[in-house]
Amino acid sequence: MRRATSSLSAVPALRTTGMRATSSLFTSSSSAAMLKSRTLHSSVPRQGDHGGLSQHRDTPDNTIDTPFDFTEANTVEIKKILAKYPVNYKQAATIPLLHLAQYQTGGWVPLAAMNKIAKILEIPPMKVYEVATFYTMFNRTKVGKYHVQLCTTTPCQLGGCGSTVILETIKKHLNIGVGETTADGLFTLTEVECLGACVNAPMLQIGDDYFEDLTPESTVALLETLKAGKTPKVGPQTGGRKNCEGPQGKTTLFAAPAGPYCRPDLETCA
């Protein structure tokens, strides 16, 4: 503690220096122009209740007394999941059970579901809350039927027309902001970090599906297809591109790998 206190004695000086540097930066017209451009996420995370990542606030449909139980089919699935772990390490199934609850409730995990999971795993509820509040893939407030998760990190900002253009297209077409849900409850718009499809940028995820190589036109078409209750094409949305193939198409892996294989079932596939 003494060593840490000593090292922190220089912080005020650094802070003052930083303030001077920031002040001088803001005086240039070029920097002002740069600040007007959108370079980082500007939205409050949707996953936390009312914008808070680690808070819970009761709503009429999300209290400690809200009824929740897993369906009969999911109860069978839970038994299969728990069978993968030693009896004294059931807590390891927290994430799979949270995913199961989120699918069952239509894209979010209410407090009552977390408490049910804690009871099944025989752990304190706080252990489940810690996981649910740490991972942003778990939504703790209701989302629309179609949760539009748009990647706005660097590769998607630079790829194709850029994710900023796609973001503005979605906001304008649905008449909602980031973190908001349409009045009909169909769409919720969220900004997310990299989804791992950088070569197909810009892209977004809805449910378990990726929609890639987006343009403003294909984005609107995608939203309208979903609004009409139809099933859209998954993957690249423009041209004849297959998955993440380049403009020359497939150039490698024309035959099955020769092996050796680490699993017997892969030998059969060859």
Side-chain angles (χ1 to χ4, degrees), residues 41 43 45-47 71 73-74 77 81 95-109 113 132 135-182 184-246 249-250:
H41 284 201
S43 60
R46 177 68 176 81
Q47 286 77 5
T71 62
N74 281 342
E77 187 63 28
I81 293 172
I95 289 179
L97 264 60
L98 281 169
H99 271 294
L100 204 60
Q102 180 156 286
Y103 276 110
Q104 178 175 312
T105 54
W108 69 296
V109 185
Y135 293 102
T136 57
M137 289 177 68
F138 294 124
N139 306 307
R140 294 181 294 108
T141 55
K142 270 191 174 180
V143 296
K145 180 179 180 180
Y146 303 112
H147 188 189
V148 182
Q149 302 173 79
L150 176 67
C151 175
T152 55
T153 42
T154 305
C156 275
Q157 283 187 345
L158 301 177
C161 64
S163 58
T164 300
V165 173
I166 302 301
L167 178 64
E168 295 306 316
T169 298
I170 297 172
K171 289 165 64 176
K172 181 178 179 181
H173 188 72
L174 297 180
N175 195 29
I176 57 173
V178 176
E180 296 178 352
T181 301
T182 54
D184 57 10
L186 280 180
F187 298 96
T188 296
L189 175 59
T190 303
E191 288 182 75
V192 295
E193 299 296 330
C194 182
L195 292 172
C198 307
V199 72
N200 293 43
M203 60 80 63
L204 59 80
Q205 178 181 0
I206 300 177
D208 292 330
D209 296 323
Y210 278 13
F211 300 92
E212 307 152 337
D213 294 332
L214 296 170
T215 64
E217 295 75 19
S218 63
T219 301
V220 170
L222 168 62
L223 297 174
E224 285 300 308
T225 299
L226 293 169
K227 192 173 183 180
K230 300 177 181 178
T231 302
K233 172 192 173 186
V234 176
Q237 299 297 297
T238 55
R241 186 180 193 183
K242 181 179 179 182
N243 299 328
C244 58
E245 289 180 354
K250 186 173 181 178

> Report yes if some heavy atom in the side chain of I170 is under 4.5 Å from a heavy atom in the side chain of V148; otherwise report no.
yes

> Can any side-chain N or O of T182 pair as donor or acceptor with the backbone N or O of F187 at less than 3.5 Å?
yes

> Hey, are E168 and K171 close enough for a salt bridge, meaning a charged N less than 4.0 Å from a carboxylate O?
yes

> Can you tell me if K230 has over 12 outside heavy atoms packed within less than 6.0 Å of its NZ?
no

> Would you say Y210's side chain and L195's backbone share a donor-acceptor pair under 3.5 angstrom?
yes

> Please determine whether side chain to side chain contact (heavy atoms under 4.5 Å, CB included) holds for the pair L223 and L174, giving the CA-CA distance in whole Å, both sets of side-chain angles, and the decisive distance to 0.1 Å.
CA-CA 9 Å; L223 297 174; L174 297 180; 4.1 Å; yes

> Run E191 and T152 through side-chain hydrogen bond (donor to acceptor under 3.5 Å, both in side chains) and show every step you take.
CA-CA 6 Å; E191 288 182 75; T152 55; 2.9 Å; yes

> Does NZ in K172 sit with more than 12 non-hydrogen atoms of other residues, nucleotides or ligands closer than 6.0 Å?
no

> For a quick test of reading the model, state the closest non-hydrogen atom pair linking C161 to I166 and the distance between them.
SG-CD1, 3.6 Å

> Quick check: does any side chain N or O of E180 sit under 3.5 Å from a backbone N or O of G177, one acting as donor and the other as acceptor?
yes

> Which atoms form the tightest heavy-atom contact between A113 and V109, and what is the distance?
CB-CG1, 4.1 Å

> Between S218 and L214, is there a donor-acceptor pair closer than 3.5 Å when you use the side chain of the first and the backbone of the second?
no

> By side-chain contact (heavy atoms from CB on, under 4.5 Å), which residues pair with T231, not counting sequence neighbours?
none

> Tell me, with the steps shown, if I206 and H147 meet side chain to side chain contact (heavy atoms under 4.5 Å, CB included).
CA-CA 5 Å; I206 300 177; H147 188 189; 5.8 Å; no

> Go through H173 and E224 one step at a time and tell me if the side-chain hydrogen bond (donor to acceptor under 3.5 Å, both in side chains) criterion holds.
CA-CA 10 Å; H173 188 72; E224 285 300 308; 2.7 Å; yes

> Among all residues two or more places apart in sequence or in another chain, which pass the salt bridge (charged side-chain N to carboxylate O under 4.0 Å, His left out) test with K227?
none

> Run M137 and H99 through side chain to side chain contact (heavy atoms under 4.5 Å, CB included) and show every step you take.
CA-CA 9 Å; M137 289 177 68; H99 271 294; 4.3 Å; yes

> In terms of heavy-atom contacts, does CG of D184 have more than 12 from other residues, nucleotides or ligands at under 6.0 Å?
yes

> If the condition is side-chain contact (heavy atoms from CB on, under 4.5 Å), which residues does Q104 pass it with, not counting sequence neighbours?
F68, F70, T71, N74

> Side-chain contact test, heavy atoms from C-beta onward, threshold under 4.5 Å: evaluate it for F138 versus I95 and give yes or no.
yes

> Can R241 and N200 be said to form a side chain to side chain contact (heavy atoms under 4.5 Å, CB included), step by step?
CA-CA 10 Å; R241 186 180 193 183; N200 293 43; 3.6 Å; yes

> Using atom types as modelled and distance alone, determine if a side-chain donor or acceptor of E212 lies under 3.5 Å from a backbone N or O of L204.
no

> Taking the side chain as every heavy atom from C-beta outward, state whether Q237 and D213 have any pair of such atoms under 4.5 Å apart.
no

> Do P202 and C151 have side chains that get closer than 4.5 Å, going by heavy atoms?
no

> Output yes when a side-chain donor or acceptor of T188 lies under 3.5 Å from a complementary backbone atom of V143, and no otherwise.
no

> Can you tell me how far apart CD (Q102) and CG (L97) are? Round to the nearest 0.5 Å.
13.0 Å

> Flag the pair R140 / W108 as yes when at least one side-chain heavy-atom distance between them is below 4.5 Å, and no otherwise.
no

> Is any side-chain heavy atom of Q205 closer than 4.5 Å to one of D209?
no

> Report yes if some heavy atom in the side chain of T215 is under 4.5 Å from a heavy atom in the side chain of T238; otherwise report no.
yes

> Are L167 and V178 close enough that some pair of their side-chain heavy atoms sits under 4.5 Å apart?
yes

> For the CG atom of L222 and the OH atom of Y146, what is their distance to the nearest 0.5 Å?
10.0 Å

